[in-house]
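For reference, the structure discussed in these notes is given below.
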There are 2 protein chains.
Amino acid sequence: MGRRQLWDRAEVLASAMGLFRRRGYQGASLRDIEEATGLHPGSLYRTFQSKDGLFQAALEAYNEQVVQGRVRVHLLEPTDPLAGIRSFFTSAFGTGLEPDPGCLLTNTAVESFTVPQAAAGVRQGLETIEAGFADALTRARALGTVPADLDVEMTSVQLLTLYQGLLVLVRAGTPITKLHTVTDGALASIGPRKRDSDE
Amino acid sequence: MGRRQLWDRAEVLASAMGLFRRRGYQGASLRDIEEATGLHPGSLYRTFQSKDGLFQAALEAYNEQVVQGRVRVHLLEPTDPLAGIRSFFTSAFGTGLEPDPGCLLTNTAVESFTVPQAAAGVRQGLETIEAGFADALTRARALGTVPADLDVEMTSVQLLTLYQGLLVLVRAGTPITKLHTVTDGALASIGPRKRDSDE
DNA sequence: CTATTTTGTGAGCAGTCGTTCAACTACCAG
DNA sequence: CTGGTAGTTGAACGACTGCTCACAAAATAG
């Protein structure tokens with residue numbers, strides 16, 4: 001009974017997500033949101049209560065779709081874990097968009113003072129990524145493509161941190177070649193020991 | 001001739017800097033700035049033209065004082081370069097402030113879409129840090145505390161990226177122990193080769 | 001002293017912010 | 001059809017935004 005909802009929640013959250021990524025929470029006004037999603041303030045407030053509510057829903061959707069999706073495709077599923085880690089990194093830059101929207105987790109973490117309610121969502125997303133790295137590294141160790149004594153837990157945190165740093169550099173407009181250098185270095189440092197018995 | 005300026009430019013920029021670090025460019029209103037600096041809008045606009053102008057002056061001061069100061073103390077001057085790199089990292093977190101203001105460069109890079117004029121200042125600061133790492137690593141190599149074949153340029157970018165990632169985690173409220181783990185890992189990966197002829 | 005110049009003060013401007021709400025539209029049960 | 005209900009619309013609200021400017025205060029020059 002009653003009128004049917006004319007819009008798709010997932011689509012609206014996707015538009016809002018994109019806007020928040022580009023402009024940040026503070027930088028996206030409700031007028032911007034209205035334009036991006038096509039939703040008028042009434043519908044928006046009926047559903048999400050507030051701008052905050054919409055943002056948290058968008059962050060949740062980002063975790064469930066973007067983050068978990070990328071972790072699955074690049075870190076959990078590939079048969080070659082190291083290649084997966086590499087593609088996880090490289091797929092984070094060179095989107096072609098100008099300026100690069102970066103990562104909603106990274107951007108929100110930095111903006112967190114003004115969006116304290118979002119801290120939990122950010123931490124959850126970061127944990128998902130870290131766990132993905134740990135999974136890939138464990139499998140790589142089993143395959144023998146990384147040293148058997150590699151500290152998986154420590155290396156996962158390391159990769160997560162490096163990844164977040166990359167996303168900062170992306171936002172700073174760093175040339176892609178430099179970002180590739182970072183990716184190469186990351187893999188070199190966890191890959192098979194050099195110096196041991198090279199050629 | 002004329003009345004004397006009652007306020008100290010460096011002091012005002014320091015207060016503004018702190019405010020921008022905590023709240024970001026967008027999150028710091030002119031009323032906030034007025035309260036933090038003690039400067040009324042008239043004086044502020046007479047000197048800095050706009051909120052943008054003040055921000056750019058604050059970012060410049062941040063580069064010249066905070067960034068260059070820390071690079072000098074931790075990366076250029078220490079006789080033990082690796083210990084310097086470690087203290088450069090550890091001094092970036094555990095400030096005791098809640099929430100941690102993080103780094104103005106990191107925060108501004110992420111917010112850059114809405115502050116495009118600041119991009120140059122951000123890049124300059126990042127370059128200063130990278131050059132500092134390069135200097136420390138070169139000296140470490142000369143001292144033999146890192147492998148002779150270490151790629152200084154590549155490792156510097158690596159450290160810069162990791163450092164920026166750390167500052168993101170700091171803002172996300174990551175526990176200090178984890179941040180220390182990252183620091184330890186960074187030094188372990190550039191330090192003397194393990195596995196070669198240990199014990 | 002007066003005239004001139006520089007700086008400080010803060011009320012107030014036009015515009016935008018997040019938010020609300022009364023009128024309106026579309027659907028279902030009876 | 002009628003009554004009830006859920007959803008849409010957009011004008012409007014008070015609060016706040018970055019910013020301006022007329023005036024007051026303090027310094028120097030003559």
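- The phosphate of dG8(C) (OP1 or OP2) has no side-chain N or O of His40(B) nearer than 4.0 angstrom.
- Among residues two or more places apart in sequence or in another chain, the ring-ring contact (aromatic ring centres under 6.0 Å, His included) test is passed with Phe48(B) by none.
- By the neighbour-count criterion of 12 heavy atoms within 6.0 Å, atom CD of Glu77(A) is densely surrounded, having more than that number from other residues, nucleotides or ligands.
- Reading DNA chain D from its 5' end, the first and the last nucleotide to sit under 4.0 Å from a heavy atom of chain A are dT5(D) to dA12(D).
- Sequence neighbours left out, the pairs with a member in residues 151-178 of chain B that pass salt bridge (Lys or Arg N to Asp or Glu O under 4.0 Å) are Glu130(A)-Lys178(B).
- Residue Glu35(B) qualifies as open at atom CD: its count of foreign heavy atoms under 6.0 Å is 12 or below.
- Proximity of the aromatic rings of His180(A) and Phe93(A) is defined here by a centroid distance below 6.0 angstrom, and this criterion is met.
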Let me have the donor-acceptor pairs involving side chains of residues 101-108 of chain A, under 3.5 Å, with sequence neighbours excluded, atom names and distances please.
{"from": "Thr106(A)", "atom 1": "OG1", "to": "Gln164(A)", "atom 2": "OE1", "distance (Å)": "2.6"}
{"from": "Asn107(A)", "atom 1": "ND2", "to": "Arg21(A)", "atom 2": "O", "distance (Å)": "3.1"}
{"from": "Asn107(A)", "atom 1": "ND2", "to": "Pro101(A)", "atom 2": "O", "distance (Å)": "3.0"}
{"from": "Asn107(A)", "atom 1": "ND2", "to": "Cys103(A)", "atom 2": "O", "distance (Å)": "3.4"}
{"from": "Thr108(A)", "atom 1": "OG1", "to": "Leu104(A)", "atom 2": "O", "distance (Å)": "2.5"}

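- For the pair Phe48(B) CZ and dT7(C) P, the interatomic distance rounds to 12 Å; values are reported in whole Å.
- Every pair passing side-chain hydrogen bond (donor to acceptor under 3.5 Å, both in side chains) that includes a residue from residues 78-90 of chain A is listed here, sequence neighbours excluded: Arg86(A)-Asp184(A).
- For His40(B), the ring-ring contact (aromatic ring centres under 6.0 Å, His included) test picks out no residue, with sequence neighbours left out.
- Shown here are the side-chain contact (heavy atoms from CB on, under 4.5 Å) partners of Thr155(A), two or more places apart in sequence or in another chain: Leu137(A), Leu150(A), Leu159(A), Ile190(A).
- Of the residues in residues 13-30 of chain B, not one comes within less than 4.0 Å of DNA chain C through any heavy atom.
- End-to-end axis angle of the helix from dC1(C)-dG30(D) to dG30(C)-dC1(D), from C1' rotation axes over five pairs per end: 0° (rounded to 10 degrees).
- We find that CZ of Arg31(B) is positioned 13 Å from P of dG10(C), with the value rounded to whole Å.
- Taking the centre of each ring, Tyr163(B) and Phe88(B) come in below the 6.0 Å mark.
- Put simply, the residue from Val12(B), Leu39(B), Leu19(B) that forms a side chain to side chain contact (heavy atoms under 4.5 Å, CB included) with Ile33(B) is Leu19(B).
- Scored by the side-chain contact (heavy atoms from CB on, under 4.5 Å) test, Val182(B) finds Val157(A), Gln158(A), Thr161(A), Leu162(B), Leu166(B) as partners (sequence neighbours excluded).
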Report, as a single string ordered 5' to 3', how protein heavy atoms within less than 4.0 Å touch nucleotides 20-30 of chain C: B base, S sugar-phosphate only, - not at all.
BB---BBBS--
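- Partners of Tyr25(A) under the ring-ring contact (aromatic ring centres under 6.0 Å, His included) rule, at least two apart in sequence or in another chain, are Phe55(A).
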